[in-house]
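Along the sequence shown, residues are numbered consecutively beginning with 1.
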Amino acid sequence: QVQLVASGGGLVQPGGSLRLSCAASGSSSRSNAMGWYRQAPGKQRELVARIFSGGSTNYADSVKGRFTISRDNAKNTVYLQMNSLKPEDTAVYYCALLGAPTTWGQGTQVTVSS
């Protein structure tokens with residue numbers, strides 16, 4: 001069974017940057033796609049970005065050009081570099097190991113505010 005531990009959230013001013021990390025432990029996760037999702041108060045959880053085992057990626061339109069997802073297979077870790085942050089990026093961010101079923105991390109709060 002895989003466990004995911006996310007870190008790196010915090011409070012940042014608009015225009016700032018944060019990098020989220022998600023470390024996977026347990027069974028091998030290298031062949032699975034991994035993703036970052038977010039859930040703002042009163043809203044449904046939404047896909048932010050995902051990365052496949054071969055390295056291909058896709059992003060939500062709202063973050064394209066600002067966020068970058070990457071993975072280090074040697075460390076079983078996936079990252080989300082977030083630049084040019086906006087107040088509307090405020091949410092709890094969850095990493096996920098995509099599969100049947102999907103495994104979720106515990107979530108990390110990102111708050112963008114002046």
Side-chain angles (χ1 to χ4, degrees):
Q1 187 173 358
V2 177
Q3 293 83 41
L4 304 175
V5 178
S7 61
L11 172 64
V12 64
Q13 291 187 341
S17 298
L18 282 174
R19 188 176 82 152
L20 306 183
S21 300
C22 177
S25 61
S27 301
S28 175
S29 60
R30 294 182 177 88
S31 62
N32 290 67
M34 295 190 72
W36 286 96
Y37 290 72
R38 67 187 181 187
Q39 187 166 18
K43 295 188 176 181
Q44 289 188 332
R45 191 173 297 187
E46 63 176 0
L47 174 68
V48 176
R50 58 187 171 186
I51 184 166
F52 297 89
S53 58
S56 59
T57 59
N58 53 36
Y59 297 88
D61 287 344
S62 59
V63 307
K64 282 181 181 176
R66 300 187 298 121
F67 290 12
T68 303
I69 189 171
S70 61
R71 68 192 296 172
D72 184 335
N73 287 331
K75 296 181 178 180
N76 271 353
T77 301
V78 63
Y79 304 96
L80 185 68
Q81 177 67 43
M82 305 185 294
N83 299 327
S84 302
L85 282 160
K86 305 175 180 180
E88 51 264 43
D89 295 318
T90 296
V92 178
Y93 284 69
Y94 298 90
C95 63
L97 179 68
L98 305 181
T102 290
T103 300
W104 295 95
Q106 85 281 13
T108 183
Q109 176 70 47
V110 172
T111 302
V112 184
S113 174
S114 55

In Å, rounded to the nearest 0.5 Å, how long is the span from CG of Leu11 to OG of Ser114? 9.5 Å
Just wondering, do Arg38 and Glu46 contact through their side chains at under 4.5 Å, heavy atoms? yes
Mind checking the CD-OG1 spacing from Gln3 to Thr103? Nearest 0.5 Å is all I need. 8.5 Å
Among Asn76, Val78, Leu97, Thr77, which residue meets the side chain to side chain contact (heavy atoms under 4.5 Å, CB included) test with Leu4? Leu97
Crowding at CD, Glu88 (>12 non-hydrogen neighbours, <6.0 Å): yes
One should read off an interatomic distance between Ser62 OG and Asp89 CG, to the nearest 0.5 angstrom, of 7.0 Å
Has the side chain of Tyr37 got a donor or acceptor atom that lies under 3.5 Å from a matching backbone atom of Trp104? no
Straight-line distance of Gln106 CD to Cys95 SG, nearest 0.5 Å: 7.0 Å
Polar side-chain atom of Gln39 near backbone of Ala91 as donor-acceptor pair, under 3.5 Å: no
Nearest non-hydrogen partners of Ala24 and Val2, listed with the distance: CB-CG1, 4.1 Å
Any chance you could measure Leu98, atom CG, to Met34, atom CE, to the nearest 0.5 Å? 8.0 Å
In one Ile/Leu/Val/Met/Phe/Trp/Tyr side-chain cluster, 4.5 Å: Tyr94, Leu85: no
Ala96 and Thr102: which non-hydrogen atoms are nearest, and at how many Å? CB-CG2, 3.8 Å
Do Ile51 and Tyr59 sit in one hydrophobic cluster, given that two such residues count as connected whenever their side-chain heavy atoms are within less than 4.5 Å of each other, even indirectly? yes
Linked, directly or transitively: Leu20 and Val92 (ILVMFWY side chains, under 4.5 Å): no
Is there a continuous path of hydrophobic side-chain contacts, each under 4.5 Å between heavy atoms, that joins Met82 to Ile69? yes
Which of parallel (below 30°), tilted (30 to 60°) and perpendicular (above 60°) describes Phe67 and Tyr93? tilted
With the threshold set at 4.0 Å, does a side-chain nitrogen-carboxylate oxygen contact exist between Asp61 and Lys64? yes
CA sep, side-chain torsions, deciding dist, call: Asn58, Phe52, side chain to side chain contact (heavy atoms under 4.5 Å, CB included): CA-CA 9 Å; Asn58 53 36; Phe52 297 89; 3.8 Å; yes
How long is the span from the OG atom in Ser56 to the CZ atom in Arg50, to the nearest 0.5 Å? 9.5 Å
Is there side-chain contact between Val112 and Thr90, with heavy atoms separated by less than 4.5 Å? yes
Are Val48 and Val110 connected into the same hydrophobic cluster when the rule is that any two of I, L, V, M, F, W, Y join if their side-chain heavy atoms are below 4.5 Å apart? yes
